[in-house]
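Please read the structure below before turning to the comments.
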Amino acid sequence: MFRRFDLTPLRLLWLGLALLGGGLGLWRGVSLDASQGVALVVLALWCLIETTIRRNWTALLTFPAMALGIGCALPLYLFLRSRRIV
């Protein structure tokens, strides 16, 4: 069962950071400044472009995570992107 997810140490790190970022986003509330807003827009563009090229459609789960901030969305995207594509 875990074989399907290929949870390497690096992928576990990305997942842990995404959970930490999401927890902090929920606990402290999301207040965006201009820099974080630009970072979220850049991540959204990167996610869209790479998803269409690599056809890694699960990476689109990054968009709902953006509501919790860049601290959750970026590590989640890296976690989803680092999986082996079949």
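Numbering of residues begins at 1 and proceeds along the displayed sequence. Quantities reported herein were computed from a predicted structural model and do not represent experimental measurements.
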Linking I/L/V/M/F/W/Y whenever any side-chain heavy atoms sit under 4.5 Å apart, do [X] and [Y] land together?
X	Y	result
Val42	Met66	no
Ile70	Leu13	yes
Val38	Leu68	no
Val41	Leu61	no

State, to 0.1 Å, how close [X] and [Y] come at their nearest heavy-atom pair, and which atoms those are.
X	Y	answer
Ala73	Thr62	O-CG2, 3.6 Å
Cys72	Gly22	CB-N, 3.5 Å
Ala18	Pro75	N-CB, 3.5 Å

Are any side-chain N or O atoms of Asn56 and backbone N or O atoms of Glu50, one a donor and one an acceptor, separated by less than 3.5 Å?
no
[atom1] of [X] to [atom2] of [Y]: how many Å apart, nearest 0.5 Å?
X	Y	atom1	atom2	answer
Ile53	Arg55	CD1	CZ	9.5 Å
Leu45	Leu40	CG	CG	11.0 Å
Ser82	Leu15	OG	CG	9.5 Å

Does the side chain of [X] reach to within under 4.5 Å of the side chain of [Y], using non-hydrogen atoms?
X	Y	value
Leu7	Phe79	yes
Thr51	Trp57	yes
Trp46	Arg81	yes
Leu48	Phe63	yes

